[in-house]
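The structure under discussion appears below in the form of structure tokens.
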Amino acid sequence: MRERGFSGGNVAISHCDNHAVAQALKESILSAWADSLIEILPTRGLCSYYAERGGLIVGF
């Protein structure tokens, strides 16, 4: 995220049956950018197919 120019803000983390890792990622992001607003969501439909079970998709 740092390499892509992220400096804090909104983040969406979608997980495919892996809430624990999504929560760990959220905490890691918040440790670097405390002012970020992070939402964790389950994947649905086509995103579940691309993420595969246990996968994450992160948007920022």
Side-chain angles (χ1 to χ4, degrees):
M1 292 173 68
R2 191 177 319 275
E3 290 176 9
R4 298 283 183 187
F6 184 73
S7 60
N10 296 330
V11 179
I13 302 172
S14 295
H15 68 90
C16 188
D17 294 329
N18 202 351
H19 190 268
V21 172
Q23 185 64 40
L25 178 58
K26 176 181 179 176
E27 292 169 13
S28 179
I29 293 169
L30 286 173
S31 71
W33 298 284
D35 62 333
S36 295
L37 178 62
I38 302 172
E39 187 173 12
I40 296 176
L41 308 160
T43 55
R44 296 177 50 174
L46 191 57
C47 289
S48 295
Y49 174 79
Y50 285 115
E52 296 184 352
R53 186 171 301 256
L56 302 176
I57 298 175
V58 180
F60 57 91

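Computed from a predicted structure; not experimentally measured.
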Would you give the length of the straight line joining atom [atom1] of [X] to atom [atom2] of [Y], rounded to the nearest 0.5 angstrom?
| X | Y | atom1 | atom2 | answer |
| --- | --- | --- | --- | --- |
| Arg2 | Ile29 | CZ | CD1 | 11.0 Å |
| Thr43 | Ile13 | OG1 | CD1 | 13.0 Å |
| Leu56 | Lys26 | CG | NZ | 13.5 Å |

Between [X] and [Y], is there shared hydrophobic-cluster membership here, with clusters defined by ILVMFWY side-chain heavy atoms closer than 4.5 Å?
| X | Y | result |
| --- | --- | --- |
| Tyr50 | Val58 | no |
| Val21 | Met1 | yes |
| Leu25 | Val11 | yes |

Where at least one partner belongs to residues 6-18, residue pairs that pass side chain to side chain donor-acceptor pair (under 3.5 Å), sequence neighbours excluded =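 Found Asp17-Arg53.
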For Cys16 and Ala51, work out which heavy atoms get closest and say how close.
->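 Scanning both residues, the minimum pair turns out to be CB-CB, 4.3 Å.
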Considering non-hydrogen atoms only, spot the tightest contact between Ser31 and Ser28 and give its length.
->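 Looking at all heavy atoms of both residues, the closest pair is OG-O, 2.6 Å.
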Partners meeting ring pair (Phe, Tyr, Trp, His ring centres under 6.0 Å) with Phe6 (sequence neighbours left out) =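 Ring pair (Phe, Tyr, Trp, His ring centres under 6.0 Å) check on Phe6 returns Trp33, Phe60.
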